Peer 1: 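Here it is, the structure, as structure tokens.
On a predicted model such as this, the values are computed, not experimentally measured, just so you know. Atoms within each ligand, like the ligands themselves, are counted from 1 in listed order.
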Amino acid sequence: MNYEAVIGLEVHAELLTKSKMFCGCAVVMSDGEAPNSHVCPICTGMPGMLPVINRRAVEMTIMAGLALNCTIEEFNIFARKNYFYPDLPKGYQISQYEFPLCRNGWLEIETTQGKKRIRIRRVHLEEDTGKSIHAGGSSLVDFNRSGVPLMEIVSEPDLHSAEEVKAYAEKLRAIVRYLGVNSGDMEKGVIRFEPNISIRPVGTTEFGTRTELKNLNSFRALERGTAYELKRQQEVIERGDQVKQETRGWDEAANKTVPQRSKEFAEDYRYFPEPDLPPLIVERAWVEQLRAALPELPDAKRERFVTEYGLSVSEAEILVADRAVADYFEATIKQSGGRSPKSVFNWLTGELFRYLNESLTPIEQVKVTPPLLGELIDLVESGVININTGKRVLGEMFKSGESARAIVAAKGLAQISDTGAIEAIVTKVLDANPAEVEKYLGGKETVLGFLVGQVMKESRGKANPGAVQEIVRRQLAERRK
Ligand code: ADP
Ligand code: MG
Ligand code: ZN
């Protein structure tokens, strides 16, 4: 029998606010900060403390809702979700239940069968928990993360393959980064993806029993974990068993999913309206202000790059996947009155990306700024240096942050376009290689490449390759006589 995959994704994203969701404590990354150094009676759940809603967190969630084509609800109520966990000091999490801030949106993804809309059920606001640390036979808890604003984005079960899940997750991550509401740093756990996965016979409409994959910290794990789970469920069904509703984890080393917690009985969180917070009324004028201030988003930017710069869709896609890359690209073109978009694209995504990847440098920190890359491109295009020298110079620029002009001057790398000088080198090389010249004159034309190479070497890579070709050919022809 053929099965169809049915997948819905839950995404948790910590918001980039300065302070926590319901108190004034600073939001900090756990690495580099002493445990429990950013806590107060509110975020450690002391009795009798009163929470206050973080306005900026509400704004950021509305921005995400708008970018995801959601309706922004006017009337909102926070709710208590009751459960016990050592890293949850209040014994409940303040979340949104029946009244999420944003509903009924969608996000478009590219699939092998074309564009596809994935419906978004809800986007709501809640608070993160602390972190348990199990070490040396004891369990410790760090509340720095307790109360950090957390946005949850829940899709409808509209995804039908591991590839679609990955495409959706990547798109979502790009959007929250464009909006500046989340850093997208998966390794740090500030954005977390949890796919709900089931299968059903093709042609049927009823949902199968789902499993939920927890704690995936890379797109690779998301894609591979989902694919594994789909295959596992099919095997369970085909041997006559039933899929159990449970949460499972992805074991990267063993390359498989493992059961974590049975969900056979729906958990009862005893949700009820948070009595310490008033209803949150979101004024329409506020929503419109936020809408008007939204930045250009990846899809719109991609279309614009195609029409404005004549790039292909896939080229534009590479640039817009990361807003910082897209901005870098445009800055390089625009400064000093415009450069060829194609050559900027090639230098950026070829040579510069290679250096960035090798050294794991984010583009925001690269020493080769757009004006510096632009100057290098100008030197190559105007023939001051040839393309291979240009690549070497970029390597130097990447390390030192010096300008291309300064490096070319200091190392005497300017291309020799003076034909007199090239003529002399060619004569010298031909004189030094009589056997090769003989072969060429005898009809073995491939020797030309060797001779040109010798001339380039003799010029220490600085001769204009076009001119060298021409002069070698001519001088060889002259020796025929
Ligand atoms: P919870 O996980 O809290 O029970 P929901 O029941 O709302 O929350 O579902 C969470 C996610 O699971 C949503 O993204 C939804 O689309 C998806 N989902 C629900 N039922 C299924 C199913 N049978 N197969 C796959 N995904 C599902
Ligand atoms: Mg769930
Ligand atoms: Zn606090």
Peer 1: Taking the six-membered ring of Y92 (Phe, Tyr or Trp), confirm whether the NZ or CZ of K90 is under 6.0 Å from its centre and within 45° of its axis.
Peer 2: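 Yes, K90 sits over the ring of Y92.
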Peer 1: Measure up the F329 and F305 rings against each other and bin them: parallel (under 30°), tilted (30 to 60°), perpendicular (over 60°).
Peer 2: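 Rings of F329 and F305: tilted, as their planes differ by 30° to 60°.
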Peer 1: For ligand 1, which atoms have a heavy atom of E212 less than 4.0 angstrom away?
Peer 2: 2 (O)
Peer 1: So if I count the atoms of ligand 1 from 1 in the order they appear, which ones are less than 4.0 Å from some heavy atom of S155?
Peer 2: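 Reading through ligand 1 atom by atom, the close ones are 13 (C), 14 (O), 15 (C), 16 (O).
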Peer 1: Are the side chain of N104 and the backbone N or O of C70 linked by a donor-acceptor pair below 3.5 Å?
Peer 2: no
Peer 1: Relative to the Zn ion (ligand 3), how many protein N, O or S atoms have a separation of less than 2.8 Å?
Peer 2: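 Step by step: take the Zn ion (ligand 3), keep protein N, O, S below 2.8 Å, and you get 4.
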Peer 1: Tell me the contacting part of T209 for ligand 1: side chain, backbone, both, or neither, using a 4.0 Å heavy-atom threshold, strictly below.
Peer 2: neither
Peer 1: What atoms in ligand 1 come closer than 4.0 Å to a heavy atom of V154?
Peer 2: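 Checking each atom against V154, I get 13 (C), 14 (O).
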Peer 1: Does any non-hydrogen side-chain atom of E194 lie less than 4.5 Å from one of L216?
Peer 2: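 When only atoms from C-beta onward are counted, E194 and L216 do not touch, as no gap falls below 4.5 Å.
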Peer 1: Please test K166 against E163 for salt bridge (charged side-chain N to carboxylate O under 4.0 Å, His left out), starting from the C-alpha separation and ending with a verdict.
Peer 2: CA-CA 5 Å; K166 180 162 173 265; E163 297 77 49; over 6 Å; no
Peer 1: Would you indicate whether the side-chain heavy atoms of N36 and D142 approach each other to under 4.5 Å?
Peer 2: yes
Peer 1: Of all the atoms in ligand 1, which lie at a distance below 4.0 Å from a heavy atom belonging to N196?
Peer 2: 10 (C), 11 (C), 12 (O), 17 (C), 25 (C), 26 (N), 27 (C)
Peer 1: Below the 3.5 angstrom mark, is there an N/O of G208, backbone or side chain, next to an N/O of ligand 1?
Peer 2: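 Yes; the residue has a nitrogen or oxygen that sits under 3.5 Å from a nitrogen or oxygen of the ligand.
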Peer 1: Distance under 6.0 Å and angle within 45° of the ring axis: does R339 meet both against W347?
Peer 2: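 Checked: cation-pi criterion not met.
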Peer 1: Name all residues meeting the side chain to side chain contact (heavy atoms under 4.5 Å, CB included) criterion together with N2; count only those two or more places apart in sequence or in a different chain, and write none if there are none.
Peer 2: V202
Peer 1: Less than 4.5 Å apart, side chain to side chain, heavy atoms only: is that true for R224 and W250?
Peer 2: yes
Peer 1: Who's closest to atom 8 (O) of ligand 1 heavy-atom-wise, of E206, Q245, E194, R210?
Peer 2: R210
Peer 1: Could you report the tightest heavy-atom contact between R145 and G130, atom names first, then the distance?
Peer 2: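 Closest heavy-atom pair between R145 and G130: NH2-O, 3.2 Å.
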Peer 1: Does an N or O from P157, backbone or side chain, lie closer than 3.5 Å to an N or O of ligand 1?
Peer 2: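 In this structure, P157 places an N or O atom under 3.5 Å from an N or O of ligand 1.
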Peer 1: Between E156 and ligand 1, which residue portion shows a heavy-atom distance shorter than 4.0 Å: side chain, backbone, both, or neither?
Peer 2: backbone
